[in-house]
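Beneath this line is the structure, given in structure tokens, with notes to follow.
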Number of protein chains: 2
Amino acid sequence: MKSKLKKGDYIQNISYDSVIFGFNGAQLKILVLEYHNTGLYALPGGFIRMDEDLDEAVKNGVSKRTGLEDIYLEQYHTFGSLSRSDSAAMKRIIMESGSDLMDCEWMFGRFISVGYYALINYEEVSPKPDELSDSINWYPIDELPTLMMDHEEMVTKALQVLRANFENKLIGMNLLPAKFTMKQLQQVHEAILGEKLRRTTFQRKMLSKDILVRHEKLFQGKAHKAPYLYSFK
Amino acid sequence: MKSKLKKGDYIQNISYDSVIFGFNGAQLKILVLEYHNTGLYALPGGFIRMDEDLDEAVKNGVSKRTGLEDIYLEQYHTFGSLSRSDSAAMKRIIMESGSDLMDCEWMFGRFISVGYYALINYEEVSPKPDELSDSINWYPIDELPTLMMDHEEMVTKALQVLRANFENKLIGMNLLPAKFTMKQLQQVHEAILGEKLRRTTFQRKMLSKDILVRHEKLFQGKAHKAPYLYSFK
DNA sequence: TATTATTGTCTCATATTGTTACAATAATAC
DNA sequence: GTATTATTGTAACAATATGAGACAATAATA
């Protein structure tokens, strides 16, 4: 940690933060971390090395947090208001982490932060806290703890953009296992849109889009007709 | 100019660039400037002061270029690849401007640039070049000169986002005079979408949206029935 | 006063979406 | 085994939205 965050290695005054979405079958959740001994909750974020593409920096950072390699990432907004930076909070976090305050002075200035959201398959991940944080956990999007700085605004905006992008991009794909039932697909859509959808209309629309492959039926151990499994083309 | 761009005043390694859209009644155009004696064409851009919100910095910069006060501005993407920076080009621009190369050394490093697009009423603007540029002119979006660095990618992406936002936001509003005919409104839509629309269907859809106010008829001096004038609610 | 081009609106055809109904069926209860 | 249960897949019809054409209204011009 100490040597990893040396001033000269990073672009000054820029950071990124990530809203990492997962779906547990019923709810849309995001990853939130808690910094050591501070009671401060935050989105996973980081800095950009001088010799690194912005997209690469975010990809590497999110990969490290989740252990996943291929991650659906989308840049959605850059947050640049003066009031968003909070040097006092950053000082506490660095202090409690045991790092040298002098070495980290560059982190206490003003930061413009680029927001990304990620869509990942909930089941494949067991997130691990890093050196700065006590814990990193899934929280349903409507039961988040109070987040530091402008991170709640970041979540709100990420959800907005996710919903706006929803029709064009094939978003369900990234939140589900490779094979899934029509009901699961509908539940993802409902969780993201925040509303109930009509079953028959949803099914017809999905099938008419020519984006799904139908597979063998699932033996699912429930007392009713077994549904087909689908995957994306 | 010399003292205006002092290093300590600005956030290092961050800039903004703007795609300023206007509509002349037939074509969608954007503002492109040419730097002194370099043959380099670029989008209007600038830096962010240490004590200034990102949004404010862009608003002020675009206001200065266009002379307009209330500008519809939308942040659409942040460009952060390593390869986008071109220190040689920046050196030429600064050299030809007569500024001190040493004072401006901070401009030759790597930059992450936040892209904004603006929608303005073409008729109200007579853009003026600043100290660094020979000219600033309107160019139809499909007849642009070759732009420096990644500015062509910036235009492409701006158009993409503009089209994607098109249905939700009331975009025509910002490109037209306060009162306009249905035909003008249709022409804006056609210019942005890049396709012809059916007159009757377009009219029906617009009127059903309950966003327009119908005014008195225009005495327009053409040999046919005069159209109504409309404004946005 | 007739002609012209464009406008505003109507109608009918077609496509899309909402809603209801119902047969198929995999486990469970008996 | 056989009936029961909950859910699934699909069909059928209704309601709504959109595509396409027709036509009367009308402001300037010939």
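- To the nearest angstrom, C1' of D:dT8 lies 13 Å from NZ of A:Lys222.
- Rounded to whole Å, atom P of D:dT8 lies 9 Å from atom CD of A:Gln186.
- Per the geometry, CE belonging to B:Met182 stands 21 Å off P belonging to D:dA25, to the nearest Å.
- Side-chain N/O atoms of A:Arg204 and base N/O atoms of C:dG18 include a donor-acceptor pair closer than 3.5 Å.
- Following rounding to the nearest Å, A:Lys205 (NZ) and C:dT19 (P) show an atom-to-atom distance of 12 Å.
- Rounded to an integer number of Å, the gap from B:Lys225 NZ to C:dT6 C1' is 9 Å.
- No donor-acceptor contact under 3.5 Å links the side chain of A:Arg199 to the base of C:dG18.
- Along DNA chain C, the nucleotide closest to B:Tyr228 and the one closest to A:Thr200 are compared, and the more 5′ of them pairs with B:Tyr228.
- Ring planes of A:Tyr117 and A:Phe21: perpendicular class, angle over 60° (limits at 30 and 60°).
- We find that NE2 of B:His224 is positioned 11 Å from P of D:dT29, with the value rounded to whole Å.
- Of all nucleotides present, only C:dT3 satisfies the Watson-Crick or G-U wobble test against D:dA28, with each distance under 3.5 Å.
- Rounded to whole Å, atom C1' of D:dT8 lies 10 Å from atom CZ of A:Arg214.
- Of all non-hydrogen atoms in A:His215 and A:Tyr230, the two that sit nearest each other are CD2-C, 3.8 Å.
- Within the structure, a side-chain polar atom (N or O) of B:Arg198 is placed less than 4.0 Å from OP1 or OP2 of D:dA20.
- Taking the six-membered ring for Trp and thresholds of 30 and 60 degrees, A:Phe111 and A:Phe47 have ring planes inclined between 30 and 60 degrees apart.
- Here A:Lys59 does not pair with A:Asp53 in a salt bridge; the nearest charged N to carboxylate O distance is not below 4.0 Å.
- Spacing between atom CZ of B:Phe180 and atom P of C:dT7 amounts to 15 Å, rounded to whole angstrom units.
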